[in-house]
Amino acid sequence: MRKLLIVFGTRPEAIKLAPVIHKLRSGNGHWNSVVCVTAQHRQMLDQVLKIFKISPQHDLDLMKKNQDLFDITSGALSGLRDIMLEEKPDLIMVQGDTTTAFAAGLAAYYLKIPIAHVEAGLRTYDKYSPFPEEMNRHLLSVLTDYHFAPTEWSKSNLKKEGIQEERIWVTGNTVIDALFYTVNRQNDRENTDRFQSFFRERWNIDMPGKSSSEKLLLVTGHRRENFGEGFKNICSALKEIAQVRKDVRIIYPVHLNPNVQKPVNEILKGIPNIYLIDPLEYEPFIFLMNQSYLILTDSGGVQEEAPSLGKPVLVMRTTTERPEGIEAGIVKLVGTDKEAIVKNTLNLLDDPSIYDKMSKAINPYGDGRAAERIVEIIDSIY
Ligand code: UD1
Ligand code: UDP
């Protein structure tokens with residue numbers, strides 16, 4: 001039996017690696033898969049571990065309030081050295097572009113352990129946007145042995161950078177595996193009632209009924225390059241939308257980062273049609289995406305999920321490493337300029353022709369079988 005060490009630290013990595021972990025555990029017994037979390041995130045990671053029933057064998061418990069990049073990189077690097085020396089894996093697996101993923105890749109390289117990278121080849125080619133994710137994924141690609149690209153476009157980036165084609169596989173994004181699994185479990189009356197009661201009891205939020213003229217806007221945001229001015233603009237835009245449109249309810253599960261919490265609470269607290277709530281567990285979050293009319297976000301994962309649900313997305317960033325959603329017409333980059341956010345939101349609220357074009361369900365990021373492909377590929381290599 002071969003040993004695979006899977007390392008992750010944040011909410012989105014956990015969501016996107018859960019399907020691979022499940023596949024490995026229900027597989028042919030070829031792999032002894034060991035999970036190590038750095039816990040770069042704590043509560044937001046634990047929410048996902050609980051939903052997907054994953055109990056890590058190792059937990060570095062790194063998170064500190066308002067940590068910086070040096071804290072995460074140095075803590076993960078030295079912590080992972082000890083775990084890798086103890087476990088002696090044949091292969092390590094990381095996902096995406098977080099500092100945990102990069103530090104795990106570097107630690108594995110120092111110990112000459114081969115690396116598999118899930119969600120490889122995403123690029124903006126703008127060094128500071130998103131920061132530090134763009135550099136994390138570049139550096140990881142240089143270190144990686146087996147590149148699992150979600151789309152043909154991400155594969156073409158890797159090829160352009162000189163990575164041998166036989167080391168790149170287009171698998172789809174595992175985020176769609178997790179999404180389909182969750183949506184399939186939610187499409188019945190019993191679950192709808194369960195989630196409706198959850199939102200009513202916890203936050204006094206009623207979902208607008210099918211015939212209601214009320215519209216639900218879902219917001220998320222956390223990018224480091226938006227801290228400061230960017231977040232102030234985003235919040236001012238949301239405030240204006242809520243004030244001019246009483247038919248709109250804005251639900252915003254606020255990321256726990258203090259750089260997000262502070263401006264959001266200062267600018268938006270107390271506005272009657274804005275609900276500032278805690279980060280949601282994955283299942284109620286997907287339910288809420290499905291109930292929403294429109295999504296405003298700077299999240300990577302949400303940009304990938306929304307097209308599959310047929311929900312228009314306004315991306316509050318100036319760059320994206322996920323152009324497929326834009327090409328499909330579901331996603332629009334609006335930046336962090338207040339007027340642009342307000343104008344684009346009002347257009348979608350008021351103009352059915354714009355809304356209809358942006359609300360077609362398509363799957364540019366995968367077919368729900370990415371984890372299966374990834375496991376088949378590593379099975380064939382080892
Ligand atoms: C991290 C990743 C980013 C990813 C995002 C997903 C890096 C550098 N950043 O950014 O790529 O898109 O996660 O959400 O790898 N906090 C809590 N509890 C939690 C999580 C965070 O309190 O469960 C607070 C802490 O004060 C922490 C801060 O948020 O210090 C920042 O967390 P961190 O992981 O450094 O940055 P994110 O913005 O979450
Ligand atoms: N998500 C969640 N609860 C929330 C907000 C987001 O479970 O309150 C999920 C979302 O469905 C997606 C992932 O978290 O799968 C995105 O995480 P985030 O936006 O923090 O990170 P990014 O994708 O930008 O790296």
Side-chain angles (χ1 to χ4, degrees), residues 179 182-183 186-221 233-254 264 267-278 280 283-299 302-303 305-316 325 328-334 337-362:
L179 179 72
T182 306
V183 168
Q186 289 190 357
N187 278 344
D188 59 56
R189 189 69 244 167
E190 193 187 318
N191 274 305
T192 307
D193 291 346
R194 179 162 68 93
F195 287 118
Q196 282 184 339
S197 320
F198 170 85
F199 282 101
R200 191 175 308 122
E201 280 157 25
R202 207 177 300 172
W203 289 287
N204 205 14
I205 302 174
D206 277 314
M207 295 298 141
K210 279 211 162 52
S211 53
S212 165
S213 59
E214 266 197 320
K215 294 192 170 79
L216 204 147
L217 267 51
L218 174 61
V219 179
T220 79
N233 292 342
I234 291 172
C235 292
S236 306
L238 296 174
K239 185 174 178 177
E240 184 169 328
I241 295 162
Q243 285 171 340
V244 298
R245 294 299 294 247
K246 298 296 173 208
D247 59 331
V248 152
R249 268 190 283 166
I250 297 177
I251 306 189
Y252 185 168
V254 188
V264 169
I267 302 173
L268 298 178
K269 209 170 181 169
I271 300 174
N273 51 341
I274 299 189
Y275 298 81
L276 303 179
I277 64 176
D278 300 330
L280 282 167
E283 287 180 304
F285 184 76
I286 296 300
F287 173 80
L288 198 55
M289 282 182 89
N290 249 324
Q291 297 287 316
S292 65
Y293 182 80
L294 158 68
I295 300 167
L296 293 109
T297 190
D298 65 14
S299 159
V302 174
Q303 282 179 69
E305 291 159 342
S308 291
L309 300 175
K311 299 295 174 182
V313 186
L314 298 179
V315 178
M316 301 181 292
I330 310 296
V331 176
K332 185 169 180 192
L333 271 190
V334 295
D337 175 65
K338 179 186 165 192
E339 300 312 321
I341 297 171
V342 174
K343 183 167 161 280
N344 280 283
T345 303
L346 296 182
N347 283 347
L348 275 159
L349 288 170
D350 291 331
D351 188 334
S353 67
I354 299 180
Y355 188 82
D356 289 348
K357 273 195 211 132
M358 284 185 75
S359 54
K360 306 252 180 302
I362 46 138

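On a predicted model such as this, the values are computed, not experimentally measured, just so you know.
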With sequence neighbours excluded, what pairs up with Glu339 under the salt bridge (charged side-chain N to carboxylate O under 4.0 Å, His left out) test?
-> none
What distance do Leu268 atom CG and Cys235 atom SG have between them, rounded to the nearest 0.5 Å?
-> 4.5 Å
Is a side-chain N or O of Asn273 found less than 3.5 angstrom from the main chain of Val248, in a donor-acceptor match?
-> yes
Identify every side-chain donor-acceptor pair in residues 283-294 under 3.5 Å, counting partners at least two apart or on other chains, and give the distances.
{"unit_1": "Glu283", "atom_1": "OE2", "unit_2": "Arg185", "atom_2": "NH2", "d": "2.7"}
{"unit_1": "Ser292", "atom_1": "OG", "unit_2": "Met289", "atom_2": "O", "d": "2.7"}
{"unit_1": "Tyr293", "atom_1": "OH", "unit_2": "Leu348", "atom_2": "O", "d": "3.0"}

Drop me the distance from Ser353's OG to Asn347's CG, to the nearest 0.5 angstrom.
-> 9.5 Å
Hey, could you give me the CG/CG distance between Asn344 and Leu296, rounded to the nearest 0.5 Å?
-> 9.0 Å
With Pro253, which of Leu218, Asp278, Leu276 fulfils side chain to side chain contact (heavy atoms under 4.5 Å, CB included)?
-> Leu218
Could you tell me which non-hydrogen atom of Pro312 sits nearest to which non-hydrogen atom of Gly310, and how far apart they are?
-> CD-O, 3.8 Å
State plainly whether the residues Asp351 and Lys357 are in salt-bridge range, i.e. N to O under 4.0 Å.
-> no
Side-chain contact test, heavy atoms from C-beta onward, threshold under 4.5 Å: evaluate it for Lys343 versus Asp337 and give yes or no.
-> no
Lys269, NZ atom: more than 12 neighbouring heavy atoms under 6.0 Å = no
Taking it one step at a time, do Ile205 and Ile277 satisfy side-chain contact (heavy atoms from CB on, under 4.5 Å)?
-> CA-CA 10 Å; Ile205 302 174; Ile277 64 176; 4.3 Å; yes
Just by modelled atom types, is the Tyr275 backbone N or O under 3.5 Å from a matching donor or acceptor in the Arg249 side chain?
-> no
How are the rings of Trp203 and Phe199 set to each other: parallel, tilted or perpendicular (split at 30° and 60°)?
-> tilted
Measure the spacing between CG of Leu217 and OG1 of Thr345 and express it to the nearest 0.5 Å.
-> 6.5 Å
Might you point out which heavy atoms bring Ile267 and Ser236 nearest each other, and give the distance in Å?
-> CG2-N, 4.2 Å
Tell me, yes or no, whether the heavy-atom count around Lys332 atom NZ, taken from other residues, nucleotides or ligands under 6.0 Å, exceeds 12.
-> no
Kindly give the heavy-atom pair with the smallest separation between Ser308 and Ala361, and that separation in Å.
-> O-CB, 3.9 Å
What pairs with Asp193 under salt bridge (charged side-chain N to carboxylate O under 4.0 Å, His left out), at least two apart in sequence or on another chain?
-> Arg189
If we only count heavy atoms from C-beta on, is the Phe198 to Leu280 side-chain gap below 4.5 Å?
-> yes
So, do Leu314 and Ile341 sit near enough that their side-chain heavy atoms are less than 4.5 Å apart?
-> no
Asn233 side, atom CG; Leu238 side, atom CG - distance, nearest 0.5 Å | 11.0 Å
Would a distance-only check, ignoring hydrogens and angles, find a side-chain to backbone donor-acceptor pair under 3.5 Å from Asp298 to Met316?
-> no
Heavy atoms of Gln303 and Pro307 approach each other most closely as O-CD, 3.0 Å
Please name the pair of heavy atoms, one in Ile330 and one in Lys360, separated by the smallest distance, quoted to 0.1 Å.
-> CD1-O, 3.0 Å
Shortest non-hydrogen pair, Lys311 vs Ile295, comes out as CB-CD1, 3.8 Å
How far apart are the C-alpha atoms of Leu309 and Leu179, what are their side-chain angles, what is the distance that settles it, and do they pass the side-chain contact (heavy atoms from CB on, under 4.5 Å) test?
-> CA-CA 9 Å; Leu309 300 175; Leu179 179 72; 4.3 Å; yes
